[in-house]
Amino acid sequence: MTDPVLATYNLNKSFGALKATDDVSIDVRPREIHAIIGPNGAGKSTLIGQICGGLASDSGRVTLAGQDLTGTGTAVRAKAGIGRTFQISQLAMDDTVLQNVMLGALNISSSPWRFFRPALADRDLRDKAEAALARVGIADLDHMQVAELSHGQRRLLETAVALTRAPKVFVMDEPMAGLGADGSKALTTLLDGLRQEAPILLVEHDMDAVFALADRISVLVYGKIIATGTTAQIRASQAVRDAYLGDEA
Amino acid sequence: MIRESYLNTFVLALLIAVPAWAVVANEPFTITLATRAVIFALAATGLNIALGLGGMVSLGHAVFFGIGGYAMGILAHHAQTYTPLMDGLFLIEGTKSMPVIWLVAMVTSGIAALLIGLVSLRTGGVYFIMITLAFGQMFYYFSISWATYGGEDGLSIYLRNDFPGLNTLVPINFFAICFTILLIVLLLNALIAKSPFGLALNAARQVPQRAEAVGLNPQRLKLVAFVISGVITGLAGALFADLNRFVSPTMFSWQTSGEIMIFIILGGVARLCGPVVGAVVFVMLEHVLGDLSDYWHIYLGVLLLLVVMFVRGGIVGLIAGKHVAHD
């Protein structure tokens, strides 16, 4: 077995009496898409917070490519190579699409501590940003203001920002949220190709997308991983059907 | 955007034309008024970097304005009384040289901004406003009780300080110095807004979560912006004290902080020349309405209400339209 890119070991987090995550150990291996599914309130967002650094864990460890990231902040983890996308798009609404994407590449190819040269004149920064926009298929929107974009376009932009960083692993929180059928199809194709560059930890409610994309699936219920396996194994598992999938699968 | 640059050019041209006319017409008081507007504009440009670019609503910028003022007052006071500022280990003497005074004003207000920022930026929203206000009041009461430098009465400086090659007592010369500084600072402000730092700061203001997720530290970006902001307002304070040849605790008062903020709100938050337009309008109202009534602030209040309620983006926004992000 190859070494995992991203791994968590026995992560725990309680809010008062509520155990939001309970001994969660998962890993993401090279070139795979590992999906996490589970009902609302299962602790998926908590887990993402613990992995990306927004939430301090009560106990447990997080490693990225063998480097221990436990206890570090969000910015440190981002610099180490975690490329995160948000469930609710976190975009600077007043700025252009290009400016938003260039922000992603800051700190990668160029320092943010430069005060006098226009960011748009930085060829390298701009090339990275434009390449990411082209990759998600919205290169023609680069001078639009984000506030003018449709929801679907914002979701693509959200992915593009993470792309500019060429991260070691993507952590995507419901990238398909609110997309129509066409939109999720397009994004599914995109993510399918993306795994060759960096593996993806995918939290997603859209089961069609999950079953189409995931190499492995983990099912999170009440903060516990109740099953991890290939798509076929998860589809076949009685425990998962009872807890979550119901008749859908 | 094009309309905004026309407007900016117009306002700055007006700020040259009026004093130029005043020289010809021999109206030195008008030049003093224009200088006052330029210095207020500079102070507010400083705050606009914290408020407009960084989203930090500081109600304590009088601290930096006052520190700049007292830097000038203390140095010039020792120079005019021929007493050393410090004679312990080193001998430090006062000075009448403007560039030296500016440097001291900028460094000391920069240090103050760093310390105040380190504490205040741990909070946000209303708490940030309150903490910066509290720092302002601390400096205000300290200056009142600082008997060595005049306490409540402040310090009078008999002669305006020197600038190499210019007679600063000629009003138009001092105006030229202040206006040149304002132009340089506006240019720097425009560059910073478009720089990688500006891009990152902009994100730290609008979407701090995103900034962190791309490996930026929003707090550190804001702190640096706050220091730059304090340095500029501090420089304006030194010039203001030199304009009046007088410095007093009033420069530290919360009313001063409020006025600096009013310039920006009147003119337009985050607009390059918003503070300039706001300061010019304020000084004009102060002069025209101040002649009519001692209670001219009532009219100012009404104007401010109208701007806040009906014109998003201040006077600049009203004339030049909505802020557009295009490069």
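It should be emphasised that the depicted structure is a prediction, and the values quoted were computed from it without experimental measurement.
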Quiz prompt | Set of side-chain hydrogen bond (donor to acceptor under 3.5 Å, both in side chains) partners for Gln90(A), sequence neighbours left out | solution = none
Quiz item: For Ile16(B), does the CD1 atom have more than 12 heavy-atom neighbours from other residues, nucleotides or ligands under 6.0 Å away?
Solution: yes
Self-check item: Verdict with reasoning, Phe197(B) to Arg114(A), per side-chain contact (heavy atoms from CB on, under 4.5 Å)
Solution: CA-CA 6 Å; Phe197(B) 173 76; Arg114(A) 288 176 305 151; over 6 Å; no
Quiz item: Out of Leu191(B), Ile228(B), Leu188(B), which one pairs with Phe115(A) under the side-chain contact (heavy atoms from CB on, under 4.5 Å) rule?
Solution: Ile228(B)
Exercise. Could you please state which residues from residues 99-122 of chain B sit under 4.5 angstrom from chain A, measuring non-hydrogen atom to non-hydrogen atom, sorted by number, or 'none'?
Key: none
Quiz item: Are the side chains of Val214(B) and Val161(A) in touch, meaning some heavy atoms are under 4.5 Å apart?
Solution: yes
Quiz item: Any side-chain heavy-atom pair from Arg220(B) and Trp113(A) closer than 4.5 angstrom?
Solution: yes
Quiz prompt | Which of Ala193(B), Ala203(B), Pro196(B), Ala190(B) touches chain A most, by non-hydrogen pairs under 4.5 Å | solution = Pro196(B)
Exercise. Just grab all the side-chain hydrogen bond (donor to acceptor under 3.5 Å, both in side chains) pairs involving residues 156-173 of chain A, residues at least two apart or on different chains.
Key: Glu158(A)-Arg210(B)
Self-check item: Pairwise side-chain contact, Leu91(A) with Val207(B), heavy-atom cut-off 4.5 Å (strictly under)
Solution: no
Quiz prompt | Considering all heavy atoms, the nearest Lys79(A)-Gly215(B) contact | solution = CE-O, 3.3 Å
Quiz prompt | Closest non-hydrogen atom pair between Asp94(A) and Arg205(B), with its separation | solution = OD2-NH2, 4.2 Å
Quiz item: Tell me, do Leu199(B) and Pro112(A) make a side-chain contact under 4.5 Å, heavy atoms counted?
Solution: no
Quiz item: For chain A, which of Ala211(B), Ser195(B), Pro208(B), Ala200(B) has the most heavy-atom pairs under 4.5 Å?
Solution: Ser195(B)
Quiz item: If you tally heavy-atom pairs under 4.5 Å against chain B, which of Val76(A), Leu106(A), Leu103(A) wins?
Solution: Leu103(A)
Self-check item: Pairs where residues 42-60 of chain A contributes a residue and the test side-chain hydrogen bond (donor to acceptor under 3.5 Å, both in side chains) is met, not counting sequence neighbours
Solution: Asn12(A)-Ser59(A), Thr21(A)-Gln50(A), Gln50(A)-Ser57(A)
Quiz item: What part of Val146(A) is in contact with chain B, defined as an atom under 4.5 angstrom from a non-hydrogen atom: side chain, backbone, both or neither?
Solution: neither
